[in-house]
Amino acid sequence: QVYLLESGGGLVQAGQSLTLSCAASGRSFNTHALGWFRQVPGKGRTFVGTIGMYGAPTYYADSVKGRFTITRDDTLNRFSLQMTDLKPEDTATYYCAARRASTPGVRSELFDYWGRGTQVTVSS
């Protein structure tokens, strides 16, 4: 079992940066691939980015590629989503997730554990 807790959400202006963190507890965190998804009201969760065991490979949604970066620190049982050049369309609730596999995934149904989410609001 892996428990996840996001932090770092908030209100920022367009063009600014924000870093989300996800703290994990439980066994074998370092053998799990990790991911970030986001959701706006009335829609399903959409893929943001994912990172494999040992920190590679990483994949990103086209809408965030070049602006968002996922990193992981297995010594601290923590991984992060660094977001730069934020846009109003990035406004959403962001969820971190972990899957019982070493390879990253881009579909939410591949992930086994989820955080509760943190709100990011980008004003124009």
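Just so it is clear, the structure is predicted and the values come from calculations on it, not from any experiment.
One distance of note links SG of C22 with CG of L81; it measures 10.5 Å at 0.5 Å rounding. To the nearest 0.5 angstrom, M53 atom CE is 7.0 Å from T31 atom OG1. Here the straight-line distance linking atom CZ of F68 with atom CG of L18 works out to 9.0 Å at 0.5 Å rounding. Going from atom OG1 of T103 over to atom OH of Y59 covers 8.5 Å, rounded to the nearest 0.5 Å. Distance check, rounded to the nearest 0.5 Å: CG of N30 to OG1 of T75 gives 10.5 Å. Once rounded to the nearest 0.5 Å, the distance linking OG of S124 with CD of Q13 reads 9.5 Å.
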Worksheet entry | D62/K65 under salt bridge (charged side-chain N to carboxylate O under 4.0 Å, His left out): CA gap, chis, key distance, verdict | CA-CA 5 Å; D62 287 343; K65 201 172 295 182; 3.1 Å; yes
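Using a 4.5 Å heavy-atom cutoff, the side chains of S17 and T84 are in contact. Proximity of L34 to F29: side-chain heavy atoms (C-beta onward) are separated by under 4.5 Å at one or more points.
Using a 4.0 Å cut-off between charged side-chain N and carboxylate O, R107 and E109 make a salt bridge.
Contact record, T50 with P104: OG1-CB, 3.1 Å, taken as the closest heavy-atom pair. The two atoms that bring V120 and G9 nearest to each other are CG2-CA, 4.2 Å, heavy atoms only. Residue E6 comes nearest to W36 through the heavy atom pair CG-CZ3, 4.0 Å, listed as atom of the first residue, atom of the second, then distance. Pairing each heavy atom of V64 with each of V48, the nearest pair is CG2-O, 3.5 Å. Scanning all heavy atoms of the two residues, the minimum distance from I70 to T58 falls at O-CG2, 4.4 Å.
Remark: side-chain polar atoms of D112 are paired, donor with acceptor, to backbone N or O of R100 under 3.5 angstrom. No donor-acceptor pair under 3.5 Å is formed between the side chain of Q82 and the backbone N or O of T19.
A cation-pi arrangement, defined by a distance under 6.0 Å to the six-membered ring centre and an angle within 45 degrees of its axis, is absent between R67 and Y60.
F111 and L5 fall into different hydrophobic clusters, where Ile, Leu, Val, Met, Phe, Trp and Tyr side chains are chained together by heavy-atom contacts under 4.5 Å. If you chain together hydrophobic residues whose side chains sit under 4.5 Å apart, V106 and L110 fall into the same group. Residues F79 and M83 share a single hydrophobic cluster, defined by chaining ILVMFWY side chains whose heavy atoms lie under 4.5 Å apart.
Between T93 and the options Q39, R38, Q119, R45, a side-chain hydrogen bond (donor to acceptor under 3.5 Å, both in side chains) holds for only Q119.
Below 30°, between 30° and 60°, or above 60°: for H32 and Y113 the angle between ring planes is between 30° and 60°, a tilted geometry. The aromatic rings of F47 and F37 lie perpendicular to each other, with more than 60° between the two planes, well past the 30° mark.
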